[in-house]
Number of protein chains: 4
Amino acid sequence: MPKTPQAAAAARIAPSRKPVIRRRGASPEKTAHTRQSIVDAALAEFLESGFANTTIESVAKRAGVAKGLIYRYFPAKEALFSAVVQQEIVNAHIDVDDAKRAPGETVEAFLRRTLVVSIRAIEKKSRADIARMVISEGSHFPAITDIYRRDVIDPLLQKIKSLAIAARKSGELKDDRLVKNPYLLVAPVWAGIVINKFLDRAHPVDIGELFEMQLDLVFGK
Amino acid sequence: MPKTPQAAAAARIAPSRKPVIRRRGASPEKTAHTRQSIVDAALAEFLESGFANTTIESVAKRAGVAKGLIYRYFPAKEALFSAVVQQEIVNAHIDVDDAKRAPGETVEAFLRRTLVVSIRAIEKKSRADIARMVISEGSHFPAITDIYRRDVIDPLLQKIKSLAIAARKSGELKDDRLVKNPYLLVAPVWAGIVINKFLDRAHPVDIGELFEMQLDLVFGK
Amino acid sequence: MPKTPQAAAAARIAPSRKPVIRRRGASPEKTAHTRQSIVDAALAEFLESGFANTTIESVAKRAGVAKGLIYRYFPAKEALFSAVVQQEIVNAHIDVDDAKRAPGETVEAFLRRTLVVSIRAIEKKSRADIARMVISEGSHFPAITDIYRRDVIDPLLQKIKSLAIAARKSGELKDDRLVKNPYLLVAPVWAGIVINKFLDRAHPVDIGELFEMQLDLVFGK
Amino acid sequence: MPKTPQAAAAARIAPSRKPVIRRRGASPEKTAHTRQSIVDAALAEFLESGFANTTIESVAKRAGVAKGLIYRYFPAKEALFSAVVQQEIVNAHIDVDDAKRAPGETVEAFLRRTLVVSIRAIEKKSRADIARMVISEGSHFPAITDIYRRDVIDPLLQKIKSLAIAARKSGELKDDRLVKNPYLLVAPVWAGIVINKFLDRAHPVDIGELFEMQLDLVFGK
DNA sequence: GATGAATGAGAGTTCATTCAT
DNA sequence: GATGAATGAACTCTCATTCAT
């Protein structure tokens with residue numbers, strides 16, 4: 001059942017409309033809320049301090065719950081980390097669906113209309129932070145790297161490739177470089193994330209601008 | 001006394017030629033050798049396991065010295081890490097000295113002759129590994145990020161800028177994009193390092209090839 | 001009101017016959033049933049894992065009730081354990097009532113008719129398991145050891161002593177050894193339990209056979 | 001290399017007579033002493049409180065060392081327990097070597113001269129305490145039960161069997177009961193340990209006396 | 001009565017750092 | 001300088017017990 005993240009989030013908040021069978025004890029809503037508090041707190045802590053320097057105690061304190069409670073929701077610190085990151089990866093998905101290209105719209109125009117916007121938004125949301133965490137901690141958590149690749153990178157490259165093929169057919173592109181190596185288009189995005197999040201927080205590059213330049217180059221402008 | 005990185009590296013290897021005054025205890029040569037054993041072992045361990053998962057004990061064992069001895073050379077684990085990474089950053093320096101450009105040689109030809117070679121060598125040596133470590137651990141060690149920027153990134157960008165200006169003058173470049181944003185040229189290198197070291201070790205990209213494509217793009221090929 | 005153990009056991013099973021006054025909440029029958037579920041589950045868990053390695057949660061799960069409910073019936077884990085063991089001790093009672101000896105029946109014949117049968121049954125029922133638990137955990141629960149001694153050991157020794165006196169009078173026994181030390185007769189039983197339950201589960205001794213041999217020895221066969 | 005425990009203990013205390021190579025750091029003697037402190041403290045704590053109720057901290061405090069130090073000597077609490085118990089099991093060995101029987105000495109006389117003495121000593125030393133611990137904790141530590149059986153029980157039964165065969169040949173025994181079931185002779189010892197250590201510490205039985213009675217019975221006295 | 005989420009004290013274990021030798 | 005035993009703070013994780021529902 002492929003729920004969208006939004007649907008999942010909604011389900012968490014809106015209770016079913018069926019006659020609610022009132023069970024004893026804590027309500028599912030409260031449970032979900034507690035769980036979300038923990039996840040939110042954990043995400044914040046992991047982003048701030050990384051996996052190793054985050055303590056369960058600090059997560060609990062931030063979430064406003066007792067230490068032990070976290071273990072009712074996640075069996076171990078690793079599991080908490082993975083769950084938190086995986087949940088966020090879903091949101092990191094970058095959308096450039098070729099099907100949405102308007103009839104007659106050039107590939108370049110389409111990319112400027114969609115991808116540039118997405119990429120300019122990268123740093124607004126926490127997407128770049130998630131990327132940073134996958135990069136930082138991924139070597140100790142192969143699972144999340146795999147998921148990131150599967151859910152974020154591979155689909156993006158695939159779509160770029162499709163668009164490159166289309167652009168080649170229509171004559172927008174003069175050669176097969178991008179078809180063969182779709183990384184070429186998005187390389188500046190990765191580079192920008194690394195620069196801004198790791199290497200030069202004081203003088204960040206403008207990732208959107210960098211990406212537009214690359215678009216210019218690729219399309220021979 | 002502003003030593004160049006190269007001088008510092010040399011000092012590490014070549015013992016002083018002044019007449020050695022024999023003191024009690026170990027000779028300076030032995031001391032230097034011991035220190036280097038520790039640094040080498042620490043580098044290997046940090047690369048393998050990251051800062052948090054490396055123990056002083058494992059470094060000591062690998063270096064073949066006692067745990068306590070490490071504290072004679074480095075006051076704390078953090079200091080050891082910084083020292084090790086800083087020392088390696090020196091080797092990560094990428095050389096594209098404009099002064100070495102042959103008379104009449106185009107900027108593009110010069111870059112192909114020098115930078116492409118350097119970049120193709122990046123993954124051979126441990127330069128990419130160091131970059132990876134700076135990226136991974138840098139947020140907890142601002143000092144090493146600063147050094148990396150100062151010794152590796154900034155000089156590289158500066159030289160690219162100079163070369164871009166020269167290329168603009170000679171007409172090799174048709175616009176000021178690269179002058180204004182030298183990152184444009186090396187972005188694929190960073191992207192490649194991230195991809196290969198963090199995200200997709202199974203399907204690495206060819207960083208050299210990616211960089212040459214970028215050179216083609218930038219010079220309008 | 002000094003209930004006999006049997007009466008207490010009966011009370012547990014047979015609900016009161018008085019007209020039940022219907023109150024809000026669960027009926028006394030259901031309450032008794034719930035309590036018994038808990039006790040049964042607890043017994044099983046304690047036997048399997050010992051006191052320290054049994055969790056209230058596992059007992060609740062096995063009993064099919066919520067964790068908190070157990071605390072309505074027993075104020076603490078220790079109390080649950082004591083209650084469970086004490087209830088079972090009642091069943092461990094070994095019956096050799098001298099009054100039941102048939103007229104003209106020798107003591108030895110009587111013992112073979114009654115005690116041997118009881119003892120051969122020891123391992124069938126959970127009596128030996130209870131003995132094992134009293135032995136294992138008794139040092140931390142003086143109360144249950146006391147109860148075990150009072151309800152199981154002392155009555156048994158007392159009856160053996162009476163029978164020994166009778167046998168001495170009738171000339172079946174040639175000396176006062178058994179009168180002075182009734183343990184002599186049942187020692188192999190304890191030894192057998194220890195061997196079979198603790199030390200050599202792979203090669204159990206036949207406790208009944210061992211006891212009959214001892215009977216032979218004591219009566220000079 | 002079959003060292004006796006005594007030899008091992010001596011070696012621990014007496015330094016080699018060879019020219020001592022003075023190494024840096026702590027001396028092996030001190031290390032051995034520390035280790036022994038830990039073992040002694042652990043034994044005492046385990047005997048007092050059992051495995052589950054003994055904390056590493058209490059052992060450390062009793063031994064006068066820091067908590068963490070225990071982990072230099074034993075990798076885990078379980079390992080500490082096993083090591084301590086196994087070391088003690090060696091001392092629990094009961095010696096009745098048939099070869100030491102004097103020429104012309106009856107089996108019964110030999111047993112009275114050796115085994116009775118050993119058994120009377122059982123409660124003086126900590127042998128009975130070890131037996132108690134093996135019994136109490138054995139179900140969670142199969143390894144120590146195995147060792148106890150292998151090092152204490154099986155050899156004892158084997159020797160009793162040999163002696164029973166000898167006694168049968170010489171006519172001291174009138175039947176094969178003891179040959180077939182050597183437990184018969186030592187059952188009262190196990191029973192006595194259980195009684196005294198678990199069930200009735202207030203009114204202990206005299207194990208030696210009980211055993212001598214059994215000897216009388218077995219040899220038809 | 002019944003639930004199970006929530007609490008929090010405390011356990012085992014690790015490891016950077018110190019220090020007597 | 002060199003050793004590695006010793007320290008102790010801090011961490012992850014468990015579980016008896018409580019309490020809002």
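A note on names: the letters A, B, ... follow the listed sequences, proteins ahead of strands, and every chain is numbered from 1. Predicted, not measured: the structure shown is a model, and the values here were computed from it.
Test R62(B), E88(B), E48(B), Q87(B) against L43(B) for side chain to side chain contact (heavy atoms under 4.5 Å, CB included) and you get one pass: E88(B). With respect to M133(B), the side chain to side chain contact (heavy atoms under 4.5 Å, CB included) criterion is satisfied by exactly one of V85(B), I144(B), I89(B): V85(B).
No hydrogens or angles considered: a donor-acceptor pair under 3.5 Å links the side chains of S58(A) and T55(A).
In this structure, V65(A) and K77(D) both approach DNA chain E, and ranking their closest nucleotides by distance from the 5' end singles out V65(A). Residue order along DNA chain F, read from the 5' end via each residue's closest nucleotide, puts K67(D) first among A76(C) and K67(D). Two residues, A52(B) and T55(D), neighbour DNA chain E, and the one matched to the more 5' nucleotide by heavy-atom proximity is T55(D).
The pairing partner recorded for dT21(F) is dA2(E), the criterion being a Watson-Crick or G-U wobble arrangement whose two distances lie under 3.5 angstrom. Using N1 to N3 plus N6-O4 or O6-N4 for Watson-Crick, or N1-O2 and O6-N3 for G-U wobble, each under 3.5 Å, dC15(E) pairs with dG8(F).
Remark: C1' of dA6(E) and CD1 of I70(A) are 12 Å apart, rounded to the nearest angstrom. If you measure from atom CG of L69(D) to atom P of dC15(E), you get 16 Å, rounded to the nearest angstrom. In this structure, the CZ atom of R72(D) is 14 Å from the P atom of dT3(F), given to the nearest Å. The interatomic distance linking E29(A) (CD) with dT21(F) (C1') rounds to 12 Å, in whole Å. Nucleotide dT14(E) holds its C1' atom 15 Å from the CD atom of E57(D), rounded to whole Å. Across the protein-nucleic acid pair, H33(A) atom NE2 and dT21(F) atom P stand 14 Å apart, rounded to whole Å. When the P atom of dG1(F) is taken as reference, atom CZ of R35(B) falls 12 Å away, rounded to whole Å. Taking atom CG of L80(B) as the reference point, atom C1' of dC15(E) lies 15 Å away to the nearest angstrom.
Looking at K30(D), its side chain has no donor and acceptor atom pair within 3.5 Å of the base of dT21(E).
Across all strands, I56(A) comes closer than 4.0 Å only to sugar-phosphate atoms, never to a base (heavy-atom distances). Residue F74(C) is out of contact with every strand shown, counting any heavy-atom pair closer than 4.0 Å. Within 4.0 Å of T54(D), counting heavy atoms only, lie sugar-phosphate atoms of the nucleic acid but no base atom.
Taking the centre of each ring, F141(C) and F51(C) come in below the 6.0 Å mark.
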For T34(D) and Y73(D), what are the C-alpha separation, side-chain angles and deciding distance, and is it a side-chain contact (heavy atoms from CB on, under 4.5 Å)? CA-CA 9 Å; T34(D) 301; Y73(D) 293 88; 3.7 Å; yes
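Between dG1(E) and T31(C), no contact under 4.0 Å exists linking OP1 or OP2 to a side-chain N or O. Side-chain N/O atoms of Y73(A) include one lying less than 4.0 angstrom from OP1 or OP2 on dA6(E). Distances shown here put every side-chain N or O of Y71(A) at or beyond 4.0 Å from the OP1 or OP2 atom of dT14(F).
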